[in-house]
Colleague: 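Sending over a structure as structure tokens; questions will come in a sec.
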Number of protein chains: 2
Amino acid sequence: MKLNKEGIVDAAFALLDEEGIEGLSLRRLAARLGVQAPAIYWYIPNKAGLFRRMSARLTTGARASCAGQPDWRSWLMAYGRGVRAAFLTHRDSAKLYANAGSIPEDPGEIGDLIAAPLVALGLSREDAISYQGSVISLSLGWALFEQTPPMRDFLTGMMDMDKSFEDGLEAMVRGFAPGSAPHAS
Amino acid sequence: MKLNKEGIVDAAFALLDEEGIEGLSLRRLAARLGVQAPAIYWYIPNKAGLFRRMSARLTTGARASCAGQPDWRSWLMAYGRGVRAAFLTHRDSAKLYANAGSIPEDPGEIGDLIAAPLVALGLSREDAISYQGSVISLSLGWALFEQTPPMRDFLTGMMDMDKSFEDGLEAMVRGFAPGSAPHAS
DNA sequence: ACCTGAACACCGTTCAAGT
DNA sequence: ACCTGAACACCGTTCAAGT
């Protein structure tokens with residue numbers, strides 16, 4: 001039963017869900033795959049590379065979930081909800097994303113790729129990336145709080161997290177004003 | 001030259017700035033303080049406790065920096081800028097905060113404490129915490145991207161990060177609508 | 001091509017013992 | 001009260017060697 005990259009990422013998510021990010025070591029991952037730790041290095045460059053691969057899966061899954069939106073505001077709302085939902089389906093995945101920083105492939109064409117759906121809906125490339133960055137930041141930040149147990153207990157004790165996130169996202173997306181104050185040249 | 005908690009936190013920030021979060025180990029920290037690693041445990045419970053102490057310093061510094069604002073929107077804008085600025089003054093500090101999750105003291109009175117300045121400006125306690133959570137989330141998220149070198153290079157190549165953050169924050173704070181859709185009871 | 005065994009240079013944390 | 005020495009149970013990563 002040979003290893004492969006996707007299977008390693010699958011097993012890593014399973015291990016993450018069971019043990020949390022502290023317990024996600026290459027040695028334990030190898031044990032779960034019935035193999036010795038160095039074997040993993042045949043498929044991934046290092047632990048950071050594994051984290052990047054896992055992070056990429058989280059965000060591309062969210063992107064896929066919001067195809068076919070009628071306008072760029074709807075798209076950004078769906079994307080924000082999708083990103084947060086993706087983080088909340090795997091224990092500590094927001095922490096993992098924060099430590100990995102994504103950027104899975106070469107920087108040249110990835111800019112076009114992430115801007116494309118919003119440019120198709122009428123936004124400039126710069127606004128597309130800027131707004132998307134703010135939406136991911138907000139979603140990541142909330143997910144981070146929701147995945148830190150003492151913080152989660154503290155927050156759920158006095159508010160509805162779903163509503164707070166929704167309120168913040170809605171306020172921001174509604175407030176985006178393309179083309180206003182077109183910085184520098 | 002006896003140790004003390006604040007001195008340990010100072011040294012930890014200095015070490016963080018020099019080596020990054022990967023290099024921030026208790027053994028190296030001890031060496032910098034001219035002491036053996038276990039000595040640190042007389043002052044802090046464990047490494048997570050050190051991270052929490054460091055995180056608390058970052059956010060309370062930002063809070064202090066925005067006293068005397070005339071209304072709650074101005075306060076939230078100042079706080080968002082202050083939080084991001086605080087993160088950007090220490091290498092990898094957003095990552096550190098994401099891994100630590102703050103919550104330094106007991107949960108009972110800290111709720112009042114963080115809500116107080118906004119309640120004084122007319123917000124309900126629930127809105128105060130909800131909005132503040134969204135503002136911190138957005139600021140933390142952007143700082144995280146800005147402190148991940150490949151991501152930073154990628155983003156600065158096609159946008160002005162200061163402007164993007166400012167646009168997102170401004171849109172969100174302007175869009176907050178207290179009292180609208182008062183969920184459940 | 002794919003994996004193991006053994007090793008290197010680290011970790012956080014504990015605990016008896018020193019002063 | 002405050003710190004050291006020594007140890008435990010881990011890490012990520014490298015690399016020769018096996019198949």
Colleague: Could you tell me whether the phosphate oxygens of dC3(D), OP1 or OP2, come under 4.0 Å of any side-chain nitrogen or oxygen in Trp42(B)?
Modeller: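 Trp42(B) to dC3(D) OP1/OP2: no side-chain N or O under 4.0 Å.
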
Colleague: CG of Leu3(B) versus P of dA1(D): gap in Å, rounded?
Modeller: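 Taking atom P of dA1(D) as the reference, CG of Leu3(B) is at 16 Å.
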
Colleague: Does some side-chain heavy atom of Asp92(A) sit less than 4.5 Å from a side-chain heavy atom of Leu24(A)?
Modeller: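 Not in contact.
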
Colleague: For residues 136-143 of chain A, please give each side-chain donor-acceptor pair under 3.5 Å, one per line with the distance, not counting sequence neighbours.
Modeller:
from: Ser137(A); atom 1: OG; to: Gly133(A); atom 2: O; distance (Å): 2.8
from: Ser137(A); atom 1: OG; to: Trp142(B); atom 2: N; distance (Å): 3.2
from: Ser139(A); atom 1: OG; to: Gly80(A); atom 2: O; distance (Å): 3.3
from: Ser139(A); atom 1: OG; to: Val135(A); atom 2: O; distance (Å): 2.8
from: Trp142(A); atom 1: NE1; to: Ser134(B); atom 2: OG; distance (Å): 3.1

Colleague: Go through the structure and list residues passing salt bridge (Lys or Arg N to Asp or Glu O under 4.0 Å) with Arg28(B), not counting sequence neighbours.
Modeller: Glu19(B)

Colleague: Rounded to the nearest angstrom, tell me the gap between atom CG in Asn4(A) and atom C1' in dC3(C).
Modeller: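 Answer to the nearest Å: 15 Å.
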
Colleague: Could you state the NZ-P distance from Lys2(A) to dC2(C), rounded to the nearest angstrom?
Modeller: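 That distance rounds to 4 Å.
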
Colleague: Report yes or no: is the cationic atom of Arg152(B) (NZ for Lys, CZ for Arg) under 6.0 Å from the centre of the six-membered ring of Phe145(B), at an angle within 45° of the ring normal?
Modeller: no

Colleague: So, Glu170(B) side chain and Met172(A) main chain: donor-acceptor pair closer than 3.5 Å or not?
Modeller: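 Judged by distance alone, no pair lies under 3.5 Å.
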
Colleague: Give each protein N/O atom lying under 3.5 Å from an N/O atom of nucleotides 9-16 of chain D, with the pair distance.
Modeller:
from: dC11(D); atom 1: OP1; to: Ser25(A); atom 2: OG; distance (Å): 3.3
from: dG12(D); atom 1: OP1; to: Leu26(A); atom 2: N; distance (Å): 3.2
from: dG12(D); atom 1: OP1; to: Lys47(A); atom 2: NZ; distance (Å): 2.9
from: dG12(D); atom 1: OP2; to: Leu26(A); atom 2: N; distance (Å): 3.1
from: dG12(D); atom 1: N7; to: Arg27(A); atom 2: NH1; distance (Å): 2.5
from: dG12(D); atom 1: O6; to: Arg27(A); atom 2: NH1; distance (Å): 3.1
from: dT13(D); atom 1: OP2; to: Tyr41(A); atom 2: OH; distance (Å): 2.7
from: dT13(D); atom 1: OP2; to: Lys47(A); atom 2: N; distance (Å): 2.8
from: dT13(D); atom 1: O5'; to: Tyr41(A); atom 2: OH; distance (Å): 3.1

Colleague: So what stems show up for DNA chain D if we need 3 or more Watson-Crick or G-U pairs in a row, all under 3.5 Å?
Modeller: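 Stems found: C:4-8 with D:12-16, C:12-16 with D:4-8.
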
Colleague: Can you tell me how far CD1 of Ile114(A) sits from CZ of Arg125(A), rounded to the nearest 0.5 angstrom?
Modeller: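 One gets 8.0 Å once the value is rounded to the nearest 0.5 Å.
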
Colleague: Taking the side chain of Gln36(A) as heavy atoms from C-beta outward, which of dT4(D), dT4(C), dC3(C) is closest to it?
Modeller: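 Looking only at heavy atoms from C-beta outward on Gln36(A), the closest nucleotide is dT4(C).
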
Colleague: Considering residues at least two apart in sequence or located in another chain, which fulfil the side-chain hydrogen bond (donor to acceptor under 3.5 Å, both in side chains) criterion with Arg81(A)?
Modeller: Glu166(A)

Colleague: Can you tell me which residue pairs pass the salt bridge (Lys or Arg N to Asp or Glu O under 4.0 Å) test with a partner in residues 56-67 of chain B, sequence neighbours excluded?
Modeller: Glu6(B)-Arg57(B), Asp10(B)-Arg57(B)

